Every structure is written in structure tokens, then in C-alpha cells.
There are 2 protein chains.
Amino acid sequence: MAVSGRQTGRPTLEEVAARAGVGRGTVSRVINGSPRVSDRAKEAVGRAIAELGYVPNRAARALAGARTDAIALVIPETESRLFAEPYFLDIIRGVSAELADADMQLLLTLIRSSKERQRFEQYLSAQRVDGVLLVSVHGDDPLPDLARELGVPAVLNGRRSAGERVAYVDSDNVGAGRSAVDHLTGRGRRRVATITGPLDMYVARCRLDGYRQGVEAAGLPADDRLVAAADFTEEGGRRAMRELLERCPDVDGVFAASDVMAAGARSVLREAGRRVPDDVALIGVDDSAGARLMDPPLTSVRQPIEEMGRRMARALLQEITGADPEPCRVVLPTELVVRDST
Amino acid sequence: MAVSGRQTGRPTLEEVAARAGVGRGTVSRVINGSPRVSDRAKEAVGRAIAELGYVPNRAARALAGARTDAIALVIPETESRLFAEPYFLDIIRGVSAELADADMQLLLTLIRSSKERQRFEQYLSAQRVDGVLLVSVHGDDPLPDLARELGVPAVLNGRRSAGERVAYVDSDNVGAGRSAVDHLTGRGRRRVATITGPLDMYVARCRLDGYRQGVEAAGLPADDRLVAAADFTEEGGRRAMRELLERCPDVDGVFAASDVMAAGARSVLREAGRRVPDDVALIGVDDSAGARLMDPPLTSVRQPIEEMGRRMARALLQEITGADPEPCRVVLPTELVVRDST
DNA sequence: GCGGGCGGTGGGAGCGCTCCCACACCGCCA
DNA sequence: TGGCGGTGTGGGAGCGCTCCCACCGCCCGC
């Protein structure tokens with residue numbers, strides 16, 4: 001049964017109106033939750049909608065009204081895949097959960113090349129989405145500002161700098177570094193090193209700041225030889241660990257600014273015959289799935305990634321409805337997950 | 001400058017037509033690549049488009065025409081997160097790459113609850129996407145058939161059974177199991193066990209078949225005590241390995257049908273004092289990021305995940321344009337990645 | 001008792017496209 | 001010379017909504 005003759009088969013708002021014995025306008029008002037509708041009409045329309053199985057046509061809505069009921073989640077992947085991948089999935093999970101309730105569509109846009117970037121910029125300026133969520137933005141990324149200029153609501157995941165002007169949801173990266181080092185020094189480590197992310201990224205600088213605070217708080221001497229810059233990759237972590245071992249053979253604790261780099265460091269430590277955690281305690285950031293698989297399982301500072309996604313979505317929705325004129329500035333706390341590597 | 005007074009600011013097809021000195025129809029024809037246009041007109045329109053920075057309005061297009069220029073990628077997450085997460089990201093990556101060239105939008109839909117499932121089914125029947133890509137479908141998932149009934153093109157990632165009737169892109173799971181066992185027996189292992197996925201999933205049964213073929217080909221006796229069913233989770237892998245150790249203390253090789261389960265097995269082996277690979281050789285499937293991090297690094301059978309995503313997208317696009325009446329049935333080869341666990 | 005509100009309503013006028021019909025205009029044939 | 005088909009073209013008629021104006025009652029105040 002059903003789905004037989006008709007071309008498109010879908011009932012329209014007009015048909016709903018006819019069945020409910022009201023005008024088109026009234027149906028539209030009911031659907032959009034306008035307060036100026038009598039209970040009687042509301043009920044009649046509701047029944048007609050149910051009977052007909054009516055679902056509003058999004059294209060028509062977008063064309064007639066202003067909104068599209070869709071937001072874009074943008075993930076730039078220009079360079080090497082900097083962040084551990086599960087990170088993105090968790091963000092997506094959070095965003096998706098929040099959007100589902102608002103009945104908004106999630107458009108996923110991976111930007112790999114400048115061509116794709118250009119295409120996305122066209123997208124933006126064509127106002128084809130009600131807002132954008134930007135993940136993994138670099139310090140010099142112009143996309144957030146472009147969105148602002150075009151009047152498209154935007155929310156970032158992470159800041160580009162301390163003075164970020166676009167709305168953002170970030171995690172407490174200074175606190176992450178700080179708690180990692182506190183944990184290390186709390187276990188009696190005295191020569192605590194750090195492997196940083198790329199220092200043109202604010203997130204990396206923040207974690208380094210946290211490290212420095214922790215070192216100072218423990219009354220240990222600041223020693224720049226204990227700081228090795230890397231790039232969030234495993235190979236980078238490996239290289240940095242080698243440097244560290246060479247410069248400071250007496251290192252007994254390492255705070256790697258990401259789990260992936262910690263994994264790199266771990267393999268170098270193994271090759272060098274240093275036991276973890278006996279000789280060198282090791283701690284990462286992200287609490288990624290891989291952390292648990294490492295040997296020994298890696299102590300790590302967890303970020304509430306899914307929650308960040310959720311908060312970003314919520315902030316964007318608010319910005320779209322214009323509920324809150326103040327751009328969202330949220331910094332979520334991190335949490336130490338202690339395992340056997342420390 | 002720019003973006004000053006005008007309400008929407010975007011030029012319309014009509015304005016392009018006026019500027020090019022042609023009719024609306026002609027501009028539309030040029031944009032959609034119709035052959036029935038003179039070179040002169042084509043050129044004039046092209047210039048006008050460039051000068052005005054015209055970008056077609058998607059909503060209007062969708063409303064007037066039949067297509068929406070969007071496809072949905074559906075990821076059911078009802079139960080525990082069965083598959084390792086990076087899997088999905090790689091699929092997304094492949095799909096996205098292929099779609100970008102076709103200038104199609106990627107709608108991501110996570111289905112967690114029956115409510116979200118229902119919403120998506122409404123979506124489908126409202127014809128709001130030109131097609132669907134379905135990932136991680138279970139044997140009894142009705143979604144693919146629903147899509148078929150509604151006449152929405154669909155492509156699956158993996159089959160639900162040997163007789164799958166909906167278009168699909170799968171990897172050679174039998175071959176994966178077979179090559180894993182061949183590798184194990186090739187290294188002289190004689191008591192080779194397997195930890196399977198949930199046997200109501202076709203993928204799990206295929207890998208088990210491959211295992212059995214491998215055992216037989218090596219002239220080893222089939223022994224059901226060497227087969228332990230699990231569920232693709234780490235805890236499941238752990239439980240299965242314990243069983244195996246109890247039933248067959250002389251086991252010297254284990255083929256786990258996923259890296260995650262291999263990780264579980266590995267930790268049980270450690271606790272039991274069995275060395276890997278000396279006492280027991282261990283091999284997984286997926287070649288996930290975690291495999292490399294394990295100690296020792298895990299030998300694994302890699303699936304061409306990103307390529308699968310790409311092929312799925314390509315197949316779907318073809319099905320949408322109606323180019324190929326035959327539903328896509330692709331089975332991609334897997335590849336053994338040898339590391340230190342075997 | 002009459003005028004002015006206000007809650008509630010109907011329906012016209014688009015939104016920016018695609019589809020398709022109608023109509024030039026060309027060169028060809030009979 | 002007239003007719004005929006084939007190109008190339010213009011533009012009307014929607015697609016299914018939202019927005020908004022106009023309108024109908026009713027109740028209130030004076």
C-alpha cells in the first residue's frame with residue numbers, strides 16, 4: 001500500500017491546511033510554534049499532520065525564510081593529521097547529539113587543499129549554512145574572521161590566541177600542563193622535562209605555560225634544556241625524546257603535550273633501555289584510546305572532548321537565534337587519568 | 001568594502017542573465033552544462049558569473065528540481081561502539097574526498113537512539129537527500145531495505161549476508177582471516193586459535209571462515225576448542241583469551257578478528273606470563289593506530305578503509321545519476337602488515 | 001452605544017531556481 | 001518558392017514554504 005501513483009507523494013502544507021480546515025498561514029504558525037494560534041486550530045492541525053504524515057520541505061523553507069537549518073563542522077586537514085583522530089570523532093559525537101535535539105543538519109566539511117578551502121569560502125558567502133563550527137584552527141587561520149565578516153555565526157574549538165575575539169570552547173590547557181607536572185613532582189620526580197606541540201599554536205604554548213608553572217611550584221629550577229619542541233606527531237615525539245636524553249641524561253619525568261608524542265617518546269626510552277616508570281615517568285594529554293594500549297598503560301590528562309563538541313553546538317545555536325549577544329567563551333576543565341606509566 | 005546596503009547581497013540567476021544579455025533559461029543551461037548552448041552565449045554567461053561572483057542558490061535548486069545535491073552518511077551507534085573509531089574517520093575521509101569533486105554536500109547522521117532512528121527515517125522519506133551511505137550495518141538492519149523501498153539510492157559498507165541485494169563495498173574478510181592464519185602457520189605455529197566477532201555479523205563469520213580455510217590448508221586438525229566467540233570489544237577479547245588459555249594451554253598462535261580484541265588478548269597473555277611472540281604469536285585486523293603502539297607492535301591485516309569510503313561515494317553518485325543499473329558489488333583486498341607480535 | 005484595540009485568521013506575494021513550451025532563425029529538401 | 005526539421009533561445013509556470021498585510025470578530029472603555 002501507499003507510495004503508489006503520485007509523483008512526489010509527499011503531502012504539502014497546503015494539503016494539511018485543507019484537511020485541518022484552516023488556512024496555510026495557520027498551519028505554518030503551528031509548525032513554527034507561534035503563540036498566536038488558538039488551541040482548537042493547533043489541535044486540528046496537529047491531527048492533520050499526523051494523519052498525512054506531513055514533513056516540512058526543507059528546501060522550500062530555506063528558500064522562503066532566511067535559515068537553512070544546517071550548520072557546518074569544518075575540519076582543516078591541510079598539513080599532516082595533527083591531532084589524534086579519535087579527537088575529531090568525539091567532537092562530532094558531541095555536536096551531533098546536541099544538533100539532533102534542535103533538528104538541525106550537520107554538514108561535515110574536510111578541507112584538505114586550497115581548492116577545497118576556496119570552495120568552502122564560497123559556501124560561506126552563499127549563506128548556505130546558518131553557522132559554522134571550526135575545529136583545530138591555527139594561529140593564523142583567517143576562516144574565523146571571514147565568517148565574522150560575512151555575518152555567519154561561528155564557534156571555534158580552541159583559541160588562536162589569548163585575545164580570541166570569535167566565540168570559542170576550549171579546554172584548560174594551562175591547567176592540563178600544570179596538573180601533569182604536579183602529578184610528576186608529587187611522585188618525587190625532580191628532573192621533569194616536557195615535549196611541546198608546535199609553538200605557533202596557542203594550545204601548545206598554554207600547555208608549556210602549565211608545565212613551567214608546575215616546575216616553579218615544586219621549587220625546581222627552570223631549565224630550558226628540559227624543554228623540547230615537537231609537532232604533536234609520533235615521530236616528533238621520538239626526536240624530542242632523543243634530544244632530551246642527550247641533553248639531560250638524568251631526566252626522570254616527561255610531560256608530553258599529546259599521547260601520540262608520548263608514544264614516540266616511549267619507544268625511544270625503550271630503545272635507550274630506560275624503564276617506564278621506574279627510570280622515567282611518562283605522561284601525555286588526550287587520554288586517547290591508544291593510551292590504554294601502551295605498555296605500561298599511559299597516564300594522561302583527559303580533555304572532555306565530547307562535551308566540548310556539545311558546548312560548541314549549543315553556543316552556536318544560541319548565536320544563531322541571537323539569544324546571547326555575548327560571544328561564548330568557555331574553558332572546560334581537564335582531568336588526570338593515572339595509569340602505570342607514572 | 002562591499003557587503004554594505006543590500007539585504008542578501010547575493011546576485012541571482014536573473015541578474016546574471018541581465019548582465020550577460022541573455023534569458024534566464026540560457027544561464028541555467030550554461031550552469032548545468034546543457035549542450036544546447038552557443039559558444040557565444042556560454043562565454044557571455046561565464047563572464048557575467050565571474051564578474052558578479054554568482055553562486056547558485058541550493059535551496060532554490062532543490063525546490064525547483066528534483067535533487068538536493070546532498071547525501072547522508074549514516075553511522076548507527078546504537079550499541080557499544082563496536083568498531084574502532086578511527087575506522088569511521090577514514091571512511092569519512094574517503095567519502096568526503098570523492099564528494100568534494102562532485103560538489104556534493106556530506107550530511108553526517110549519527111543514530112544513537114530509536115528516536116534518532118525514527119527521525120532519520122522521516123528524513124529519508126522526505127527525500128531530503130539524494131542518497132545514503134550506510135556504515136556498520138547489522139545483519140538485521142532494516143534501513144537499507146527502507147531506502148530501497150523509498151527509491152533512495154543506497155550503498156552499504158559491508159554486507160549483511162552473502163546474498164546482499166543492496167549495493168555495497170566490502171573488504172575481503174575471508175581473505176583477511178585466511179592470510180592471517182597462513183602467516184601464523186607459515187611461522188611454524190601449529191595450535192592456532194581465533195577470537196571472533198559477534199557471529200550474527202557477516203563480517204565476523206567471514207573472518208572465521210577464512211580462519212578455518214587457513215587451518216585446513218595448513219593440514220592442521222580443525223578443533224572447535226580453538227574458536228572463541230567475542231564481540232569486537234577489548235573486554236570481549238580478554239574474556240575469549242582466558243577461555244582459550246584454559247581450554248587449550250598449548251595454543252601458540254591467535255588470530256583476533258579485530259585489533260581491539262587483540263589488545264584485550266594481549267593483556268591476558270601478559271598476565272598469564274606468556275610471551276608475545278615467543279610463546280604465542282598474535283595477529284589482529286584493522287591495522288588501527290593502536291596496533292603500532294602495542295608492545296610488541298601488533299601484526300595486523302589492514303583494510304583499505306579510506307578507499308572503501310571513496311568507492312562507496314563513487315558508487316552512490318553513479319547510482320544517483322542512474323549511470324549504472326547494476327548495483328555496485330565491490331570487495332576490496334586486504335593487506336598483511338607484519339610487526340613484532342608474530 | 002460606539003469606536004478602538006487585540007487575539008486569531010486567510011491568503012497574496014514572493015524566495016531563486018528548473019522545466020518546458022513556444023518561437024525565432026537557419027539551411028535543407030522537394 | 002514553400003515547407004520542414006533542427007538549433008538556440010526567451011520566458012511563463014510552478015516547486016512549498018514564510019512573511020506580512022488585511023480582515024474579522026470580540027471585548028473593553030468612555
Side-chain angles (χ1 to χ4, degrees), chain A residues 6-46 48-49 52-70 103 122 125-128 130 321, chain B residues 6-46 48-49 52-70 103 122 125-128 130 321:
Chain A
R6 301 166 285 166
Q7 274 292 8
T8 91
R10 307 299 314 166
T12 71
L13 186 146
E14 191 108 36
E15 297 176 49
V16 173
R19 175 151 200 143
V22 300
R24 234 171 48 251
T26 301
V27 177
S28 177
R29 263 163 294 213
V30 171
I31 290 173
N32 295 294
S34 156
R36 304 246 150 291
V37 189
S38 67
D39 287 345
R40 216 169 54 76
K42 222 176 287 184
E43 200 191 317
V45 170
I49 287 179
L52 261 33
Y54 170 75
V55 182
N57 179 318
R58 221 150 185 137
R61 217 177 215 182
L63 183 57
R67 23 184 252 297
T68 62
D69 285 338
D103 200 25
Q122 275 203 340
S125 54
Q127 316 272 354
R128 284 212 285 242
D130 292 342
T321 57
Chain B
R6 300 165 288 165
Q7 273 293 9
T8 94
R10 307 298 314 167
T12 70
L13 184 146
E14 190 108 35
E15 296 175 50
V16 174
R19 177 151 198 142
V22 300
R24 235 173 44 252
T26 302
V27 176
S28 177
R29 262 162 297 213
V30 170
I31 290 173
N32 296 293
S34 155
R36 306 243 149 293
V37 188
S38 67
D39 288 347
R40 217 171 52 76
K42 223 177 286 186
E43 201 190 316
V45 170
I49 287 179
L52 260 34
Y54 170 75
V55 182
N57 179 316
R58 222 150 184 137
R61 220 177 212 183
L63 184 56
R67 17 185 257 296
T68 62
D69 285 339
D103 200 25
Q122 276 203 339
S125 54
Q127 316 273 353
R128 284 211 285 244
D130 291 342
T321 57

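Just so it is clear: chains get the letters A, B, ... in the order the sequence lines come, proteins before strands, and each one is counted from 1. Computation of the quantities below employed the complete heavy-atom set of this structure, encompassing side-chain atoms and omitting hydrogens, waters and symmetry-equivalent molecules. Note that this is a predicted model, so its numbers are computed, not measured.
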Engineer: In whole angstrom, give the distance that lies between atom CZ of Arg24(B) and atom P of dC20(C).
Structural biologist: 15 Å
Engineer: Rounding to 10°, can you tell me the angle the first-five-pair axis of the helix from dG1(C)-dC30(D) to dA30(C)-dT1(D) makes with its last-five-pair axis?
Structural biologist: 60°
Engineer: Quick one: list whatever passes side chain to side chain donor-acceptor pair (under 3.5 Å) with Glu43(A), sequence neighbours left out.
Structural biologist: Arg47(A)
Engineer: Who passes side chain to side chain donor-acceptor pair (under 3.5 Å) against Thr68(A), sequence neighbours left out?
Structural biologist: Asp130(A)
Engineer: Expressed in angstrom and rounded to an integer, what is the separation of Leu13(A) atom CG from dG10(C) atom C1'?
Structural biologist: 13 Å
Engineer: CZ of Arg29(B) to OG1 of Thr26(B): how many Å apart, nearest 0.5 Å?
Structural biologist: 4.5 Å
Engineer: Within a strict 4.5 Å, meaning less than it, do heavy atoms of the Val27(B) and Val22(B) side chains meet?
Structural biologist: yes
Engineer: Using whole Å, what does the distance between atom C1' of nucleotide dC15(C) and atom CZ of Arg128(A) come to?
Structural biologist: 16 Å
Engineer: State which residues pass side chain to side chain donor-acceptor pair (under 3.5 Å) with Arg19(B); sequence neighbours excluded, sorted by chain then number.
Structural biologist: Glu51(B)
Engineer: Which nucleotide in the set dC15(D), dC17(D), dT9(C) lies at the smallest distance from any side-chain heavy atom of Thr12(A)?
Structural biologist: dC17(D)
Engineer: Has Ser28(A) got a side-chain N or O lying under 4.0 Å from the OP1 or OP2 atom of dC17(D)?
Structural biologist: no
Engineer: Which of the following nucleotides, dG14(D), dT9(C), dT18(D), is nearest to the side chain of Ala64(A)?
Structural biologist: dT18(D)
Engineer: Taking Arg61(B) for its side chain and Asn57(B) for its backbone only, find out whether a donor-acceptor pair lies under 3.5 Å.
Structural biologist: no
Engineer: Between P on dC17(D) and CD on Glu14(A), what's the gap in Å once rounded to a whole number?
Structural biologist: 9 Å
Engineer: Which pair of non-hydrogen atoms, one from Asn32(A) and one from Arg67(A), has the smallest distance, and what is that distance?
Structural biologist: OD1-NH2, 4.4 Å
Engineer: Can you check whether Val45(A) reaches Val37(A) side chain to side chain, under 4.5 Å on heavy atoms?
Structural biologist: no
Engineer: Check for a donor-acceptor pair, side chain of Arg10(B) on one end and backbone N or O of Gly53(B) on the other, with a separation under 3.5 Å.
Structural biologist: yes
Engineer: So which atom in Leu13(B) and which in Tyr54(B) form the shortest heavy-atom distance, rounded to 0.1 Å?
Structural biologist: N-CE1, 3.4 Å
Engineer: Find the distance Arg29(A):CZ to dT18(D):C1' and express it as a whole number of Å.
Structural biologist: 11 Å
Engineer: Do any of residues 52-62 of chain A sit with a heavy atom less than 4.0 Å from DNA chain C, and if so which?
Structural biologist: none
Engineer: Does dT9(C) have OP1 or OP2 sitting under 4.0 Å from an N or O in the side chain of Thr26(A)?
Structural biologist: no
Engineer: Please list, in numerical order, the residues of residues 30-46 of chain A that have a heavy atom closer than 4.0 Å to any atom of DNA chain D.
Structural biologist: Asn32(A)
Engineer: Any idea which heavy atoms bring Ala20(B) and Ala48(B) closest together, and the distance?
Structural biologist: CB-CB, 3.9 Å
